[in-house]
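None of these values were measured; they are calculated from a predicted model.
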Protein chains: 2
Amino acid sequence: MARTGRRPGGGSGTQQAILDAARTAFTEFGYDGATIRGIAGKAGVDPALVHHYFGTKEHLFVAAMELPFEPSVLLPTLLEPGLDGLGERLVRMLLSIWDGMGEQNPFAALLRSAMTHERAAAMFREFATSAIFSTVVKAIDADRPELRTGMVASQIAGLVMTRYLLKLPAMVEATPDELVAGIGPTLQRYLTEPLNLPTG
Amino acid sequence: MARTGRRPGGGSGTQQAILDAARTAFTEFGYDGATIRGIAGKAGVDPALVHHYFGTKEHLFVAAMELPFEPSVLLPTLLEPGLDGLGERLVRMLLSIWDGMGEQNPFAALLRSAMTHERAAAMFREFATSAIFSTVVKAIDADRPELRTGMVASQIAGLVMTRYLLKLPAMVEATPDELVAGIGPTLQRYLTEPLNLPTG
């Protein structure tokens, strides 16, 4: 877009234009493929203004998709006390965020569309890998950190799916304390305990 | 539908008409709400003919939805050797069924639509409760069998979601043996081990 076409760069109209351009770009090119430069161009503003308003690409994604949490804030908080009890803290945090949201929350919408559209799945996969899994993988002090992180993601995804999307009665009726006691140790085992994987 | 409108009741055209009527009825009324009588009426045949061709409502659902397994056959096979090692057998069975199917399998389609449409979610929930969970709940010899079954469902749902639908690289690349060793003990704990749930 020509420099003369750029917006002056003030006010909420500009921020909205950036968010709209970001949503389009993330959907079209995926999380990895979308660039701040490209999004700025599409919104008709200088890339520096995108950084000024939204910081990193991760922040911009969180804002554009209206996610209820910021991985770069949430993960250090979870990891800071160390790996001890991390499984239970993860379940408790997830439940407190999700139980507190309404029926139609944007993250559920993103997850639904990732289940049904390959392009949205790629975007979700790339965002999760880049903003969440890579940090967890680095924090794990055991063999096979990628597989361990994947299994943590599988149990968390299943908890979300059965409690919030499929709404299986037993999972809807369970209290947060019960789910923390039941599922926390699973995540803890995936994160820190010996897995006795087959060798060779 | 008038008796005179009924099909003579032979040949694959009749079976196809029953399957079409069943799909419509299950989607419209849910698994619990759909009846063999109603489906027969819609297909213009005698209910006895539906039973003759398809047996129980569960069998008809499996046939109409083209599910790759028959719970009333699969579950006794899994449960027959007892609760010992059941977690690992469950994971291995699931992987052998699903890894063997193509990219577009009907059960994945059902699960996707259950994630996005409340009516499909209700149908899935009712079928799973009636044909799968109730049998597992009865087989569990420990406190809180419904919650335990729900947690088993959550880890299985998450395994399916991350390996086959979202396709997280770590979960796609894991071998069946690794997933059996990693996730089997989770299911075993949910099924048979003390959960140390909060009291009161």
Side-chain angles (χ1 to χ4, degrees), chain A residues 108-109 111-118 120-122 124-125 128-129 133 137 144-163 165-183 185-187 189-190 193 195-200, chain B residues 108-109 111-118 120-122 124-125 128-129 133 137 144-163 165-183 185-187 189-190 193 195-200:
Chain A
L111 207 52
R112 283 199 175 91
S113 95
M115 297 278 292
T116 43
H117 303 289
E118 171 46 30
F124 182 87
R125 210 157 50 220
T129 302
F133 300 160
V137 164
R144 305 294 304 273
E146 284 86 5
L147 176 62
R148 288 172 179 273
T149 303
M151 294 195 301
V152 167
S154 80
Q155 176 60 88
I156 289 180
L159 169 57
V160 166
M161 185 166 164
T162 51
R163 183 172 172 91
L165 304 180
L166 295 178
K167 295 193 172 52
L168 301 185
M171 293 302 283
V172 172
E173 288 155 18
T175 66
D177 283 346
E178 287 170 347
L179 293 173
V180 167
I183 291 178
T186 297
L187 303 188
R189 175 170 159 272
Y190 291 161
E193 293 168 30
L195 294 178
N196 298 314
L197 296 176
T199 50
Chain B
L111 206 53
R112 283 200 176 91
S113 95
M115 298 278 292
T116 44
H117 303 290
E118 171 46 30
F124 182 88
R125 211 158 49 219
T129 302
F133 300 161
V137 163
R144 305 296 302 274
E146 283 86 5
L147 177 61
R148 288 172 181 273
T149 304
M151 293 195 301
V152 167
S154 81
Q155 175 61 87
I156 289 180
L159 169 57
V160 165
M161 184 166 165
T162 51
R163 183 172 172 91
L165 304 180
L166 295 178
K167 296 191 170 52
L168 301 185
M171 294 301 284
V172 172
E173 288 155 17
T175 66
D177 283 346
E178 287 170 347
L179 293 173
V180 167
I183 292 177
T186 297
L187 303 188
R189 176 170 158 270
Y190 292 160
E193 294 169 29
L195 292 178
N196 299 314
L197 296 176
T199 51

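Contact detail for A:P198 and B:A181: the closest heavy-atom pair is CD-CB, 3.8 Å. Across every non-hydrogen atom of A:E178 and B:L197, the tightest pair is O-CD2, 3.6 Å.
At least one side-chain heavy atom of B:I183 sits less than 4.5 Å from a side-chain heavy atom of B:Q155.
For the pair A:R163 (side chain) and B:S154 (backbone), a donor-acceptor distance under 3.5 Å is absent.
Of the atoms belonging to B:M171, it is side-chain heavy atoms, and not backbone ones, that fall under 4.5 Å from chain A. Both the backbone and the side chain of A:D177 come within contact range of chain B, with heavy atoms under 4.5 Å apart. Contacts between B:T162 and chain A at a heavy-atom distance below 4.5 Å involve the side chain alone, from C-beta outward. Both the backbone and the side chain of B:R112 come within less than 4.5 Å of a heavy atom in chain A.
Ranking A:M161, A:K167, A:E118 against chain B, the residue ahead of the rest is A:M161, based on heavy-atom pairs under 4.5 Å. The choice from A:L195, A:L179, A:L168 that makes the most heavy-atom pairs within less than 4.5 Å of chain B is A:L168. Contact count against chain B (heavy-atom pairs under 4.5 Å) is highest for A:G150 among A:G150, A:A174, A:P169. Ranked by heavy-atom pairs shorter than 4.5 Å toward chain B, the options A:V160, A:L165, A:L166 are led by A:L166. Between chain B and the options A:E146, A:E173, A:R144, heavy-atom pairs under 4.5 Å are most frequent for A:R144. Interface check for chain B: of the options A:S113, A:A108, A:G182, A:A122, the most heavy-atom pairs under 4.5 Å are formed by A:G182.
In this structure, the separation between OH on A:Y190 and CG on A:L147 is 9.5 Å, given to the nearest 0.5 Å. In this structure, CZ on B:F124 lies 10.0 Å from CE on B:M115, to the nearest 0.5 angstrom.
A salt bridge does not link B:R148 to B:E193: none of the charged nitrogens lies less than 4.0 Å from a carboxylate oxygen.
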